[in-house]
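Data first, discussion second: the structure below is written as structure tokens.
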Amino acid sequence: MLLYVFCWILQARNPLLWLHTYLPTSRWTVMRIRCIKDGNEVNIRRLVKSLFKRAGSVGCRAAVYRNEACQRAAANMKQIKALLGRSEGSRSGQEAPAEEKQQEARTAKDGPAGRAEERPAAPQGPTSFYCPVSMELMSDPVMVATGHTYDRQCIAKWLAQGNRTCPVTGMRLRHLELVPNHALRNAIQEWATAHGISLPNHYDTTNQPTFKLDDHHPKNILLGHEEIVWAVEVYGARLFSASADKTIRVWDIDSRRCEHVLEDHTRPVLSLAISGNRLYSGSYDFTIKVWDLNTLTRVKTLTGHTDAVRALSVSEGRLFSGSYDGTVRVWDEANMHCLEVLKGHNGPVRTLVNRGGCMFSGSYDKTVRVWDVRTLECKAALTGHTGAVRALVASPEYVFSGSDDTTIKVWDVRTLKCVETLEGHEDNVRVLAVGETHMFSGSWDKTIRVWDLRTLECVKVLEGHSEAVLALAVGEGGLHPSSKVLVSGSYDTTVRFWDLNTFRCVRKCDGHFDAVRVLAAHNGHVFSGSYDGTIGV
């Protein structure tokens with residue numbers, strides 16, 4: 001409901017503002033919204049921040065849809081309207097004062113009687129008669145793929161600007177066909193005639209462009225998911241992608257076609273893991289689904305968690321699942337029975353990594369816990385961070401933990417002691433990746449830092465992204481096909497390739513219309529999953 005109101009008033013670059021659990025409101029970078037009427041850019045960051053602050057509950061992916069947020073926003077909508085009204089007033093310059101003087105003159109001349117002879121207000125029709133974008137009476141209403149109706153002239157302009165989402169819902173349009181809404185058009189015409197309102201001639205479509213997704217999407221962009229892609233995994237010649245649309249899609253890498261859609265989860269799918277001939281998927285529905293990779297059928301559903309399953313990792317025949325309920329569950333791969341519930345964290349478990357016979361779990365409680373894979377005992381609780389731990393990676397000697405406190409801590413795998421705290425980032429450390437000789441960290445400060453695994457010193461700062469760095473992967477395909485590259489995905493919707501010999505950006509890929517959330521590299525291919533629901537290859 002709140003999003004509907006926003007899109008009636010504002011035309012945003014990306015109307016759907018995805019909010020995530022524990023996302024710091026001070027980091028939002030998509031809060032500059034344009035006024036429809038005059039095109040002036042109006043910064044309403046403070047207002048939007050107040051609308052969504054603490055909206056929804058922990059674990060909610062899209063707090064904008066909650067009634068609680070709508071109720072809190074009601075008071076602030078008046079402020080937004082007033083802000084837009086000032087924007088319109090500034091455009092008129094000194095015309096408004098002149099009109100006021102004329103009105104005062106008429107009032108002084110005519111007296112109270114003059115004030116009584118005001119023009120009656122224009123008749124108002126049902127809200128469905130007005131375009132959600134322009135707020136004007138529609139003369140040629142058309143429907144888009146989501147079923148919402150707009151005036152043809154407005155939605156055609158929206159699509160011509162490169163937008164591929166529904167302005168009202170923010171959902172990605174699966175096709176760009178505009179279907180005339182004849183029933184609504186006839187109703188509008190009858191109402192307008194009855195009230196003496198003349199409508200413009202019907203919009204002439206003969207010279208208008210026909211929009212096709214293929215015309216605007218490169219061949220390496222895979223369409224299918226309707227919401228955020230949360231995870232991607234590669235198995236042989238297949239790519240598996242998990243999405244907030246509750247599905248897992250199976251793609252043939254060579255043909256780049258979707259072979260199958262795994263549908264059994266009832267809420268967004270957040271995590272994937274592959275072991276042997278099984279695929280494991282964790283979801284916001286608190287369950288883990290077990291899929292046979294040969295038949296692509298569900299084998300079993302693992303239950304027990306009481307909140308979203310955010311991380312999955314397999315070690316020595318055991319599946320470890322980290323959840324927002326603060327626990328790590330251990331499952332026997334042979335019979336899929338739960339062996340143990342590992343407790344100790346006081347906050348959601350965000351990430352898991354296996355090294356040296358131990359499973360490391362990072363949590364929003366600012367700690368990293370170390371569990372013996374065989375005995376399932378907690379060997380240590382690694383403390384020192386002052387912010388949530390969002391990322392873990394491991395090299396042969398060290399485990400690295402990235403935190404919202406802007407630092408990266410280095411833990412010795414054998415002694416489990418902190419040997420170094422890496423500083424340099426100016427904002428949250430969101431993602432980590434490790435190569436043969438270097439560790440890489442991506443941050444909300446828009447940079448990637450390169451750390452030498454031997455000296456633990458920062459040897460390079462990679463700059464180029466214009467928004468937060470959300471995903472990193474190490475693969476092949478630099479200046480030479482066999483050379484190593486670092487691949488980075490960002491809120492700025494781009495994927496960049498950095499040659500690991502020169503640390504120069506050798507390639508920049510556009511194609512996504514929203515933030516690049518996840519990356520995977522395999523056999524010379526790089527796969528990117530985006531907030532817009534697409535997969536880049």
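If you're wondering where the values come from, they're calculated on a predicted model, not measured in any experiment.
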Can you find a side-chain donor-acceptor pair between [X] and [Y] that sits under 3.5 Å?
X      : Y      : answer
Ser241 : His225 : yes
Thr169 : His148 : no
Ser243 : Trp230 : no

[X] side chain near [Y] side chain, heavy-atom distance below 4.5 Å:
X      : Y      : result
Leu312 : Ile288 : yes
Thr266 : Lys246 : no
Leu296 : Leu262 : yes
Arg430 : Val469 : no
Pro348 : Asp325 : no

So how far is it from [X] [atom1] to [Y] [atom2], rounded to the nearest 0.5 Å?
X      : Y      : atom1 : atom2 : answer
Gln189 : His182 : CD    : NE2   : 11.0 Å
Leu178 : Tyr150 : CG    : OH    : 11.0 Å
Glu467 : Asp445 : CD    : CG    : 12.0 Å
Arg152 : Met143 : CZ    : CE    : 11.0 Å
Arg256 : Ile221 : CZ    : CD1   : 9.5 Å
Lys508 : His465 : NZ    : NE2   : 9.0 Å

Distance-only, no hydrogens or angles: does the [X] side chain make a donor-acceptor pair with backbone N or O of [Y] under 3.5 Å?
X      : Y      : value
Thr351 : Ala391 : no
Asp254 : Ala237 : no
Ser323 : Asp307 : yes
Asp499 : Val506 : no
Asn220 : Val537 : yes
Ser134 : Glu136 : yes
Ser283 : Pro268 : yes
Ser528 : Val495 : no
Thr406 : Asp427 : no

Those residues that, when tested against His260, pass ring pair (Phe, Tyr, Trp, His ring centres under 6.0 Å) (two or more places apart):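 His260 satisfies ring pair (Phe, Tyr, Trp, His ring centres under 6.0 Å) with no residue once adjacent residues are dropped.
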
What are the two closest heavy atoms between [X] and [Y], and how far apart are they?
X      : Y      : result
Thr534 : His512 : OG1-ND1, 2.7 Å
Ser490 : Ala468 : OG-O, 2.8 Å
Val144 : Cys166 : CG2-SG, 4.4 Å
Val142 : Pro180 : CG1-CA, 4.0 Å
Glu227 : Asp245 : CB-N, 3.9 Å
Ser441 : Leu472 : C-CD1, 3.9 Å

Determine, step by step, whether Val229 and Ile535 satisfy the side-chain contact (heavy atoms from CB on, under 4.5 Å) criterion, reporting the C-alpha distance in whole Å, the side-chain angles of both residues, the deciding distance to 0.1 Å, and the verdict. CA-CA 8 Å; Val229 176; Ile535 307 289; 3.8 Å; yes

With the threshold set at 4.0 Å, does a side-chain nitrogen-carboxylate oxygen contact exist between [X] and [Y]?
X      : Y      : result
Arg298 : Asp264 : yes
Asp285 : Arg267 : no
Glu259 : Arg238 : yes

Aromatic contact between Phe513 and Tyr531, with the criterion being ring centroids under 6.0 Å apart: yes or no?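 Distance test on ring centres: not under 6.0 Å, no.
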
Looking only at the aromatic ring of each residue, does the gap between the centers of Trp444 and Tyr491 stay below 6.0 angstrom?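 Yes: the rings meet the under 6.0 Å criterion.
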
Working for side-chain contact (heavy atoms from CB on, under 4.5 Å), residues Ile228 and Asp532: CA-CA 6 Å; Ile228 295 176; Asp532 65 13; over 6 Å; no

Taking only residues two or more places apart in sequence, or in another chain, which ones meet Ala473 in a side chain to side chain contact (heavy atoms under 4.5 Å, CB included)?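 Checked Ala473 against side chain to side chain contact (heavy atoms under 4.5 Å, CB included); matches are Leu519, Ala521.
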
For Tyr130, all residues meeting side chain to side chain contact (heavy atoms under 4.5 Å, CB included), sequence neighbours excluded: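 Listed in chain order: Gln124, Leu137, Trp191.
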
Where do Asp151 and Gln153 land on the side-chain contact (heavy atoms from CB on, under 4.5 Å) test, with the steps shown first? CA-CA 6 Å; Asp151 191 71; Gln153 194 168 16; 3.6 Å; yes

Could you walk me through whether Thr287 and His305 pass the side chain to side chain donor-acceptor pair (under 3.5 Å) test, one step at a time? CA-CA 7 Å; Thr287 70; His305 282 297; over 6 Å; no

Take Trp498 and Ser488, measure what side chain to side chain donor-acceptor pair (under 3.5 Å) needs, and give me the verdict at the end. CA-CA 8 Å; Trp498 311 83; Ser488 58; 2.9 Å; yes

Please report the C-alpha distance between Leu272 and Leu279 in whole Å, then the side-chain angles of each, then the deciding distance to 0.1 Å, and finally whether the side-chain contact (heavy atoms from CB on, under 4.5 Å) criterion is met. CA-CA 7 Å; Leu272 296 174; Leu279 170 71; 4.2 Å; yes

Taking NZ in Lys289 as the centre, count heavy atoms belonging to other residues, nucleotides or ligands within less than 6.0 Å. Is the count above 12?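 Yes - once you tally the heavy atoms of other residues, nucleotides and ligands closer than 6.0 Å, there are more than 12.
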
Please evaluate residues Phe240 and Trp291 with respect to the criterion ring pair (Phe, Tyr, Trp, His ring centres under 6.0 Å), reporting the C-alpha separation (whole Å), side-chain torsions for both, the decisive distance (0.1 Å), and the verdict. CA-CA 12 Å; Phe240 296 84; Trp291 310 87; 9.7 Å; no

